[in-house]
> 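Below you'll find the structure I mean.
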Amino acid sequence: MVHEKILVLDFGGQYNQLIARKVREQGVYCDLLPYNQSVDQIREYDPIGIIFTGGPNSVYETGAPRIDARIFTLGIPILGICYGCQLIAYTLGGRVTHADTREYGKRAIQYSKSLLFAGVCAENTCWMSHTDFVSSVPSGFCVTATTPTCPAAAFEDAARKIYGIQFHAEVHHTVEGEKILHNFLYGICGAKGDWTMSNFVTEQVERLRQKITGKKVLCAMSGGVDSAVAATLIHRAAGENLTCVFVDHGLLRKGEAEEVVSVFRDRLGMNLVKVDARERFLNRLQGVSEPEEKRKRIGEEFIKVFEAEAKKIGTVDYLVQGTIYPDVIESGKGASAVIKSHHNVGGLPSVVDFREIIEPLRDLFKDEVRKVGTELGLPDSVVQRQPFPGPGLAIRIMGEVTEEKLKTLRDADAILREEILKAGLNREIWQYFAVITSTSTVGVMGDARTYEPVIALRAVTSVDAMTADWAKIPYDVLETIANRIINEVEHANRIVYDITSKPPATIEWE
Ligand code: XMP
């Protein structure tokens, strides 16, 4: 099925992926592509509407991203946001002015009559993040919103369906921002809303079935959301012909390996090969303290184990990868560039004989992947799983990894997870985990002196792991967690809470 599409042209602003996600959330498929698409490429793409994103430049700067003015003659509705709106003004003969200070934050805004603001309360609040502003709109345009500092906070040429907004409708601080996007998509572009995750599942399964029936498919299952959802989708299409290899490297959290087997083999009936490589990995990590060396050894060992299993299966037709849309955007946009850069994910493809890589989630954002997982019947524990690093608990134990430290860490981490869940904080916290530090301190237990490594708790809020803030977990929840760890976990005598943001710290400790 051919979906209606919105083309989001990327001018490098920080909210660009957010714009694309917000469009999709409203049931309309969109792609985020570099701003320099030619008019012919745009015509061929055949969008029902185009959105210009914000960006860090000033339109008058040399080298600032520009657009071909012929884009305005295609008859396709256009919405320019922030830099995008300044570009509309600049390209069509309006004026953009540089302000002395940057305007950033919530602002009062007044909307006037416009299809874009239909049903939106006229006296409202929007989110601004800009320095330049449109001081004079091009001829044929009229101003449809103002703020005390922005004479043209929104402007339009309704006849040509060209709209500019200086504020960020995609940011949730813009009250009724979703309604504004909805008006653009449905009221102006005439969208019908054919992008839903249940449609996606039906269409993908059908497409995959045609492609892979009778072929052998191999998937490296990590227990993470992406590989789990990718494998389940493929399983719907390939059934028995899909083999999932799950390497238990012994560095997983408490109950995780068991859960993978119980969900994918027992419940979904997948052909899952579980490789117990716990001893092998622990041996390889013996005496190793340096974090990058740990990562290197784990990566190498993983490939060896996977390779041995793949050899048993023989040549496969397809190797499944859980690539998702942000990976596609980040690794160079063009389809061919993407396949190349993902050819080496985890080093796997070069060690497996396969004909083609198959990436069933490459069009989806993370929140869409989770919805697909739910559509496919995966439990919340899998679908809502927090990010977990490939080297697992090995990089949450400072210094050498030992069986004893792994047990202490697993037990402490399980308590932390249980209490966060109980307190209902699991959705708002991005990642939460325990760490065994390399500092031992004195404690007193009963009448005896103890001397054990300090256990640190780390919990952060984030949207993309690029930056993160330490989570303000209520004291009573922290207290319960600490008390339980001290009472229930062997070798625990002191708990600390990490209150550092990223930057300057990273999320993980190693
Ligand atoms: P940092 O610690 O760099 O982490 O702030 C950012 C995100 O990446 C995850 N992370 C890793 N994931 N292999 C992975 O697969 C790794 O070596 C690794 N190190 C960090 C981390 O959990 C967080 O989500």
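We use all heavy atoms of the structure for the numbers below, so side chains are in, but hydrogens, waters and symmetry mates are not. When a ligand or atom number is given, it counts from 1 through the structure's own listing order.
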> Test: salt bridge (charged side-chain N to carboxylate O under 4.0 Å, His left out). Region: residues 377-386. Which pairs qualify, not counting sequence neighbours?
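Every salt bridge (charged side-chain N to carboxylate O under 4.0 Å, His left out) pair that includes a residue of residues 377-386, provided the two are not neighbours, is Glu256-Arg385, Asp380-Arg427.
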
> Mind checking what makes salt bridge (charged side-chain N to carboxylate O under 4.0 Å, His left out) contact with Asp226, not counting sequence neighbours?
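Checked Asp226 against salt bridge (charged side-chain N to carboxylate O under 4.0 Å, His left out); matches are Lys366.
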
> Kindly state whether the ring of Trp195 and the ring of His3 have centres lying under 6.0 angstrom apart.
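Judged by ring-centre distance (under 6.0 Å), Trp195 and His3 do meet the cut-off.
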
> Check residues 475-482 and write down every donor-acceptor pair under 3.5 Å in which the side-chain atom is one partner and the other belongs to a residue at least two apart or another chain.
residue, atom, partner, partner atom, Å
Thr480, OG1, Asp476, O, 2.8

> Kindly indicate whether the side chain of Tyr432, heavy atoms from C-beta on, has any atom under 4.5 Å from the side chain of Ile473.
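No, side chains not in contact.
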
> Give me the atom names and distance for the closest heavy-atom approach of Phe11 to Thr53.
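It is N-OG1, 2.8 Å.
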
> Are there any N/O pairs under 3.5 Å between ligand 1 and the protein, and if so, what are their distances?
residue, atom, partner, partner atom, Å
ligand 1, 2 (O), Ile507, N, 3.3
ligand 1, 2 (O), Glu508, N, 2.8
ligand 1, 5 (O), Lys502, NZ, 2.7
ligand 1, 5 (O), Ile507, N, 2.7
ligand 1, 15 (O), Gly390, N, 2.9
ligand 1, 17 (O), Arg295, NE, 2.5
ligand 1, 17 (O), Arg295, NH2, 3.3
ligand 1, 19 (N), Arg295, NH2, 3.0
ligand 1, 22 (O), Gln431, NE2, 2.8
ligand 1, 22 (O), Glu508, OE2, 2.5
ligand 1, 24 (O), Gln431, OE1, 2.8
ligand 1, 24 (O), Gln431, NE2, 3.4

